[in-house]
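Please read the structure below before turning to the comments.
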Amino acid sequence: MVGWAIAVHGGAGVDPNLPTERQEEAKQLLTRCLNLGISALRSSASAIDVVELVVRELESDPIFNSGRGSALTEKGTVEMEASIMDGQGRRCGAVSGLTTVKNPVSLARLVMDRSPHSYLAFSGAEDFAKQMGVEREENDYFITQDNVGMLKVAKEANSIVFDYRIPINGYESCGVEVESPIRMNGLPISVYAPETVGCVVVDSQGRCAAATSTGGLMNKRIGRIGDSPLIGAGTYACNVCGVSCTGEGEAIIRGTLAREVAAVMEYKGLGLQEAVDFVIKERLDEGQAGLIAVSNTGEVAYGFNCVGMFRGCATEDGFMEVGIWE
């Protein structure tokens, strides 16, 4: 028996000019999700059930970029993706290119539990959703006026805009028209503000699980797939730890970031926080990202190399923290 632990995130890379009221809205949602997970863990729910439960809650609230409130493609539509992984047996499920599924993380769970596959995408994933009878909505349900405005900003700046919704008024202060040193696959990015959602849990039996969900990048190309649904990149869980990543997807993919945390724990003998710090420092090259993690001994950790990360964590011994900045 070990003490349970849980961590949630709403994305790494936060606009430093984000209004206080938006910061508070984000922290309130993270607190609500943490309390939901804590209640489930106290009722002896399994780690895999808790990560699904918490990420569903995050997807259902438009504050962050997943489910309702997802970032828009270059055509003004939504293409969502998610993944989930159970450390017991390293079972996993992932989905991409969803346009009608209300809770992508739950479809990923069904891919894991009810299909012979690990990953379904686009029309195949939508067909599977119909067969499974999951709740679905028209694409318009997922689109918010904030994100319509953000897409306009992105198109005017001729840029991909990472996810967090920057205030439409006064967006000049957020760097849209300022030359940025940040690059993605060698190309300059005008605004850096990712905010995928995720949850990691270790339950009282020492079982680890992780789940991640996102709408991707604002103004992304149709068909773009990021790190969130890629097992080992944006999401990973094994008998040692559970990890969910957020940030510059292409850098996370290149660094197989989530798996690297487990690998350095297994092969270098690092503790959880040491492993997180090592991976953030040594495996991102010039990319910017963050991650949350739990270990099978009830530890919780996080790390990021950009300006802020929406995150919250709690442990069975009564520790609880919700924050954005360092």
Side-chain angles (χ1 to χ4, degrees), residues 10-11 13-15 18 22 25-26 58-82 94-105 107-108 120-127 129-130 134-172 174-177 180 182 184-185 187-197 212-229 234 246-250:
V14 184
D15 171 36
L18 190 68
R22 297 221 177 179
E25 287 174 358
L58 289 163
E59 289 173 339
S60 299
D61 193 299
I63 288 216
F64 292 130
N65 169 23
S66 63
R68 186 162 183 261
S70 284
L72 306 182
T73 68
E74 60 188 350
K75 294 186 177 179
T77 57
V78 164
E79 290 184 352
M80 299 167 287
E81 48 195 15
V95 288
S96 283
L98 300 180
T99 58
T100 68
V101 176
K102 187 173 183 180
N103 291 109
V105 71
L107 187 63
L120 293 175
F122 297 94
S123 62
E126 289 284 340
D127 288 345
K130 293 176 189 175
V134 301
E135 190 170 2
R136 299 165 66 228
E137 299 282 355
E138 294 297 324
N139 202 243
D140 287 351
Y141 163 84
F142 304 97
I143 297 172
T144 64
Q145 286 306 304
D146 274 353
N147 281 338
V148 170
M150 279 288 290
L151 181 62
K152 182 173 182 290
V153 169
K155 287 186 176 298
E156 288 175 353
N158 192 29
S159 171
I160 293 171
V161 175
F162 284 86
D163 315 313
Y164 197 73
R165 46 192 57 80
I166 293 164
I168 303 307
N169 296 322
Y171 66 78
E172 298 85 356
C174 300
V176 172
E177 297 180 346
S180 171
I182 299 166
M184 185 169 67
N185 283 348
L187 300 175
I189 300 298
S190 295
V191 176
Y192 182 79
E195 48 103 3
T196 291
V197 305
T212 312
S213 181
T214 191
L217 307 179
M218 186 67 72
N219 201 27
K220 67 182 180 181
R221 286 182 179 273
I222 293 290
R224 183 261 185 183
I225 293 173
D227 67 287
S228 296
T246 171
E248 185 187 331
E250 278 63 18

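Just the heavy atoms: all of them, side chains too, but no hydrogens, waters or symmetry mates, feed the values below.
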Locate the shortest heavy-atom distance separating [X] from [Y]; write the atom from each residue and the value.
X    : Y    : answer
A82  : P229 : O-CB, 3.7 Å
P62  : T144 : CB-CG2, 4.0 Å
L58  : F64  : CD2-CD1, 4.0 Å
G249 : D227 : CA-OD1, 3.2 Å
T246 : T196 : OG1-N, 3.7 Å
L217 : A71  : C-CB, 3.8 Å

- [ ] Tell me, please, which residues at least two apart from E135 pass salt bridge (Lys or Arg N to Asp or Glu O under 4.0 Å).
- [x] K102
Approximate separation, where rounding is to 0.5 Å, of [X] [atom1] and [Y] [atom2]:
X    : Y    : atom1 : atom2 : result
I225 : F122 : CD1   : CZ    : 4.5 Å
M80  : T99  : CE    : OG1   : 6.5 Å
M218 : K152 : CE    : NZ    : 13.5 Å
N219 : L151 : CG    : CG    : 5.5 Å
S60  : N103 : OG    : CG    : 4.5 Å

Task: Flag, side chain of E59 to backbone of V105, donor-acceptor distance under 3.5 Å - done: yes
Task: Backbone of T77 reached by a side-chain donor or acceptor of N139 within 3.5 Å - done: no
Task: Test side-chain hydrogen bond (donor to acceptor under 3.5 Å, both in side chains) applied to T100 - qualifying residues, sequence neighbours left out - done: E126, R136
TODO: Show your reasoning for whether side chain to side chain contact (heavy atoms under 4.5 Å, CB included) applies to R22 and D146.
DONE: CA-CA 12 Å; R22 297 221 177 179; D146 274 353; 3.6 Å; yes
Open item on the list: Tell me which pairs pass salt bridge (charged side-chain N to carboxylate O under 4.0 Å, His left out) where either residue lies in residues 69-79, with sequence neighbours left out.
Closed with: none
